[in-house]
Number of protein chains: 2
Amino acid sequence: MSCGEKLAEELRRKGFRVTPQRGVILETIAHMGDHLSVQEVYSEARERLPGLNIATIYRTLESLHRAGMVDLFYPGSGPTRFTLRDPSAAHGHLVCTECEHVVDIDTDLIGRLVEEVAAETSFFIDPHHLTLLGICDACFQAGRGKRKIS
Amino acid sequence: MSCGEKLAEELRRKGFRVTPQRGVILETIAHMGDHLSVQEVYSEARERLPGLNIATIYRTLESLHRAGMVDLFYPGSGPTRFTLRDPSAAHGHLVCTECEHVVDIDTDLIGRLVEEVAAETSFFIDPHHLTLLGICDACFQAGRGKRKIS
DNA sequence: ATATTAAATGCAAATCTTTGCAACTAAGAA
DNA sequence: TTCTTAGTTGCAAAGATTTGCATTTAATAT
Ligand SMILES: [Zn+2]
Ligand SMILES: [Zn+2]
Ligand SMILES: [Zn+2]
Ligand SMILES: [Zn+2]
C-alpha cells in the first residue's frame, strides 16, 4: 500500500470523503516537507492535478487539520503554514520574534508543559506542533529582548 | 495626565513618533476592551478621526506590538486580535478548538511555563498574552477531544 | 447496476491584508 | 523660528483568504 493510499485510508476512516483533490494535496505535503504555505502547496499540487482550485486547497487543509492529519504553524509573521502530522512523534517550535530563528522542541518537553497546564486548569493543550513565541538566547544576550525600553 | 497622554508619552519614550492617528488608535483600544480585530478598531477609530485609513490601522497595531504596548491573540480561527498590554499583570488564554471556549491563565502559571522552557532551551517565551490551543475539560469529557478516531 | 444524498469542488465575487510610492509631518538641529 | 530628515500616512494596486452558490461526485442504499 503506497504512502498516498495509506493516507487516503486514514482519511476515510475518520469520516471524510476521499477525492482525487485530497489525494493529490496529501501526497504533495507528504513529499514537499514541513511548514508549507497555501501558495506553495497550491503551485505544486496544481502541477499534479491541473484545474485544481486554490479555494479547494484552503478548504482541504482546514479539513485535514480537523481530521488531525495536518498541523498548523503560526510563525508570528506571515501566513499560516501546514505540516503533515507525524502521530508517532509530536514536535514543536520556539520562534524568536526578533530574529525569526526557530528552535525545535521535543515530545518530552511538550509533554511536561501539557501536564503542567492540565494539572492546574483541566485544559489539555494540543501537543502536536506546539509553537511558542519569544526571544532566543542570542537575542536576549544581545539585549534585543528588551526592545528599546528606556 | 490623561490616559491617552500617558500612552503617547510611553510611545515617545520608546522611540516612536506620536501622531494624531496613533493617539486615536491607542485611545480606541484602551476604551473598547480586549481582543479586538483590525476591522473593529478601524470602524471605531475612524469615527474619532475621519479619513483615517485602514492601512494605518494595520501598520500602527504592528508598531504598537513591537513597542510592547499591544499584545496579539491568535484565536485558532479567524483574524488576529489585539489588546492593550497591561504591563503589571501578564495574562494568557487557553482556547478550545472544539467549542471555541476561552479559559484565562494567570501570571503564576505563565511564569512557570516560561521557566520550564527556559531551563531546558535557553529560550524565553513571551509571557504577555500567552495563548495555547487545545481541548477544554468539557469537550474532553464528552469525548470530542478524540475527533472521531475509530 | 442504479438511484439517492450529503459532501466536496470550481468559479466568481466579496472581503481582508500587504505593499510601493508620493506627499506630509514630528522631532531634533541650527 | 526655520530647516532638515527620517518616520508616518493616504492612496491605489496587488495579493491573500473567505464565502455563496450551482454543479459534480463519493459513499451508501436499493
Ligand atoms: Zn514543525
Ligand atoms: Zn533571536
Ligand atoms: Zn487576553
Ligand atoms: Zn471545548
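Below, each value reflects all heavy atoms present in this structure, side chains not excepted, and no hydrogens, waters or symmetry copies. To find a chain, count down the sequence lines: A is the first, B the second, and so on, and within it residues start at 1.
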More than 12 heavy atoms of other groups within 6.0 Å of B:H101 NE2: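 Count not over threshold, so no.
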d([atom1], [X]; [atom2], [N]) in whole Å:
| X | N | atom1 | atom2 | value |
| --- | --- | --- | --- | --- |
| A:E62 | C:dA7 | CD | C1' | 15 Å |
| B:N53 | C:dC16 | CG | C1' | 13 Å |
| B:R22 | C:dT25 | CZ | P | 15 Å |
| B:L61 | D:dT8 | CG | P | 14 Å |
| B:L64 | D:dT8 | CG | P | 10 Å |
| B:L11 | C:dA26 | CG | P | 13 Å |
| A:Q21 | C:dG10 | CD | C1' | 9 Å |
| B:R46 | D:dC11 | CZ | P | 12 Å |

Distance only, no hydrogens: is a donor on one side chain within 3.5 Å (strictly under) of an acceptor on the other, for B:H91 and B:H128?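 No, no side-chain donor-acceptor contact under 3.5 Å.
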Can you give one letter per nucleotide of nucleotides 17-30 of chain D, 5' to 3': B if a protein heavy atom sits under 4.0 Å from the base, S if only from the sugar-phosphate, - if neither? BBBB----BBS---
Only one of A:E44, A:Q39, A:R46 clears side chain to side chain donor-acceptor pair (under 3.5 Å) with A:Y42; which?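 That would be A:R46; it is the only one of A:E44, A:Q39, A:R46 passing the side chain to side chain donor-acceptor pair (under 3.5 Å) with A:Y42.
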Ignoring backbone atoms, establish whether A:T56 has a side-chain N or O less than 4.0 Å from OP1 or OP2 of C:dT9.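 No, outside the criterion.
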So if I apply the side-chain contact (heavy atoms from CB on, under 4.5 Å) rule between A:V95 and each of A:L132, A:T131, A:V103, which one comes out positive?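 Single pass found, and it is A:T131.
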Heavy-atom pair of closest approach, residues B:C136 and B:C96: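 So the two residues come closest at N-SG, 3.4 Å.
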Flag the pair B:I105 / B:H93 as yes when at least one side-chain heavy-atom distance between them is below 4.5 Å, and no otherwise.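 No, too far: nothing below the 4.5 Å cut-off.
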At under 4.0 Å between heavy atoms, what does B:T60 touch on the DNA or RNA strands: base, sugar-phosphate, or nothing?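 Contact class for B:T60: sugar-phosphate only.
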